[in-house]
Amino acid sequence: MTNRELEVLREKLENINLQLLALLNERAAIVKQIGEVKKKAGIPRFDPVRERKMLDDLVARNEGPFDNATIKHLFKQIFKASLDLQQEDVKKHLLVSRKRQEEDTVIQIRDVLIGGAAKEIMAGPCAVESYGQVRAVAQALRQAGVKILRGGAFKPRTSPYDFQGLGEEGLKILKDVADEFGLITVSEIVNPAHLDMAARYIDIIQIGARNMQNFELLKAAGEADIPVLLKRGMSSTIEEFLFAAEYIVSRGNAQVILMERGIRTFEKWTRNSLDISAVPLLKQESHLPVFVDVTHSTGRKDILVPCAKAALAAGADGVMVEVHPDPSTALSDASQQLDIDQFHEFVNGLKKSGLFSEMIGSK
Ligand code: PEP
Ligand code: MN
């Protein structure tokens, strides 16, 4: 073969590359159009039956020199890239995405703004155990200027034999105590049927890590008219977390707070691993307020201040911490709850850090 022949062939190849490039992009544009049509009609984007049929047709008409397996492989790559393209469009259009809404979502509950200029602390016992227990904690919160009281009344426990919470009675206790001290309350709900009842007692519904992908609960919370604190699942990616929030927002409830609470890793010195990178990523990707639960992410008391500082420095709108008047007798999470003195030390440690753009405890 002469050099001239080689040049001619190479030129042909380059022309074909350009044609392929144009065709691939023409195909991609059509795929995007199909995505739009499917979106309007509410049809799922991925259609494996149709993909199989297209592959079968291509293989049937394949005259080589590529063998059928290679043709299948190449086209599967094209199909996958097309689906990714549609997925990108979906992500851009998520209601929770900052691309959809540039300004921060600020949730107002009476005089408290969540996700506003001030950082907030949510604190309280793991579980509501008695009126006296919650009242002792609420008093400490009030003293420290912390405005949001937490306490589980429906506890999703790993063992069915462990304390499951006081149920509605626990929510009543939270309401009575919060009314006395002028606090707002957050408590976990695990059953969609309890949402309306819970809204009569508490200000924020918590959906816990174990229920982050309980889609029926997410949908029901999306239809409720009450702010939702959504915790990240213990093995969930940030993307899955945002999709879970989207379930709620897409049903009409835009008042969602995201909470990083640590993920499962091989590390044994902490109960979970606090994924601090999730904080700036969530703030970047979404306009929703972001909180960090330093108690469940670490499962220990001695590193709470530095972890909370890290969270606030990374852009979190606030932190959550567990407090119990007598942690050693707590019916759940005994080893990780702060006592009242430790709680005051914790709050003072954060106040001193200068990380609160506006001091908590303005009252
Ligand atoms: C809780 O906050 O009480 C709780 C159970 O946390 P998580 O769902 O993050 O485990
Ligand atoms: Mn707990």
Side-chain angles (χ1 to χ4, degrees), residues 120-129 133-134 137 146 148-160 162-167 170-171 173-174 185-191 194 198 202-214 217-218 221 227-236 238 240-241 244-245 248 256-265 270-276 278-279 282 290-301 304 307-308 311 316 318-339 342-343 346:
E120 295 294 344
I121 296 178
M122 300 179 179
C126 180
V128 173
E129 295 167 8
Q133 172 232 19
V134 178
V137 173
V146 170
I148 310 170
L149 174 67
R150 64 146 283 149
F154 295 91
K155 295 301 298 175
R157 303 303 300 281
T158 303
S159 162
D162 286 340
F163 177 58
Q164 303 286 309
L166 297 180
L171 298 183
I173 293 176
L174 276 178
T185 51
V186 53
S187 196
E188 177 161 1
I189 293 303
V190 293
N191 183 345
H194 290 159
I202 55 174
D203 300 301
I204 306 169
I205 298 289
Q206 177 172 319
I207 294 182
R210 288 155 194 81
N211 275 318
M212 191 206 83
Q213 286 189 317
N214 180 339
L217 182 59
L218 296 175
V228 178
L229 171 67
L230 178 66
K231 298 187 91 173
R232 179 178 179 182
M234 58 187 84
S235 306
S236 301
I238 294 170
E240 287 162 346
F241 190 18
I248 302 171
V256 178
I257 305 157
L258 302 170
M259 183 172 274
E260 160 64 32
R261 46 78 73 207
I263 48 174
R264 274 215 170 146
T265 69
T270 49
R271 179 172 172 182
N272 291 289
S273 289
L274 170 55
D275 179 8
I276 205 73
V279 176
L282 288 169
V290 175
F291 272 62
V292 170
D293 173 350
V294 286
T295 296
H296 291 90
S297 52
T298 61
R300 50 193 295 166
K301 310 190 217 189
L304 293 184
C307 288
V319 292
M320 177 187 265
V321 69
E322 282 187 346
V323 194
H324 192 289
D326 184 12
S328 59
T329 63
L331 297 178
S332 57
D333 285 351
S335 65
Q336 70 183 22
Q337 303 198 59
L338 297 177
D339 65 23
Q342 291 164 336
F343 166 67
F346 172 80

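One-based numbering, in listed order, for ligands and for the atoms of each.
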*Report yes or no: does Met259 have a heavy atom closer than 4.0 Å to ligand 1?*
no
*For atom 9 (O) of ligand 1, grab the closest protein heavy atom and report residue, atom and distance to one decimal in Å.*
Arg261 NE, 2.6 Å
_Please give the atom name: the N, O or S atom of Glu322 nearest to the Mn ion (ligand 2)._
OE2
_From Leu229 atom CG to Phe291 atom CZ, the distance as rounded to the nearest 0.5 Å_ = 8.0 Å
*Do Asp333 and His296 get their side chains close enough for a donor-acceptor pair, meaning under 3.5 Å?*
yes
_Numbering as shown, the atoms of ligand 1 that approach Gly208 to under 4.0 Å (heavy-atom distance)_ = 8 (O)
_Rounded to the nearest 0.5 Å, what separates atom CZ in Arg271 from atom OG1 in Thr298?_
9.5 Å
*Just checking, any donor-acceptor pair under 3.5 angstrom between side chains of Asp326 and Ser328?*
yes
*Only heavy atoms count here, so choose which of Met212, Glu188, Arg150 is nearest to atom 5 (C) of ligand 1.*
Glu188
*asked:* Donor-acceptor check, side chain of Lys155 to backbone of Cys126, threshold 3.5 angstrom: yes or no?
replied: yes
*Taking atom 1 (C) of ligand 1 as the point of reference, which of His296, Arg157, Met122 owns the nearest heavy atom?*
His296
*Of Ile207, Asn211, Val228, which meets side chain to side chain contact (heavy atoms under 4.5 Å, CB included) against Leu218?*
Ile207
*asked:* Give me the nearest non-hydrogen protein atom to atom 8 (O) of ligand 1 as residue plus atom name, then the distance to 0.1 Å.
replied: Ala209 N, 2.8 Å
_Taking 4.0 angstrom as the limit and counting only heavy atoms of Arg210, give me the atoms of ligand 1 inside it, by number and element._
7 (P), 8 (O), 10 (O)
_Heavy-atom contact check, 4.0 Å cutoff: does Lys155 meet ligand 1?_
yes
*To the nearest 0.5 Å, tell me how far Gln337 CD sits from Glu322 CD.*
4.5 Å
*Consider ligand 1: state whether an atom of it lies below 4.0 angstrom from any non-hydrogen atom of Gln206.*
yes
*Among protein heavy atoms, which lies nearest atom 6 (O) of ligand 1, and at what distance?*
Lys231 NZ, 2.9 Å
_Asp333: its N/O/S atom lying closest to the Mn ion (ligand 2) (atom name)_ = OD2
_SB check Glu188 Arg150 (cutoff 4.0 Å)_ = no
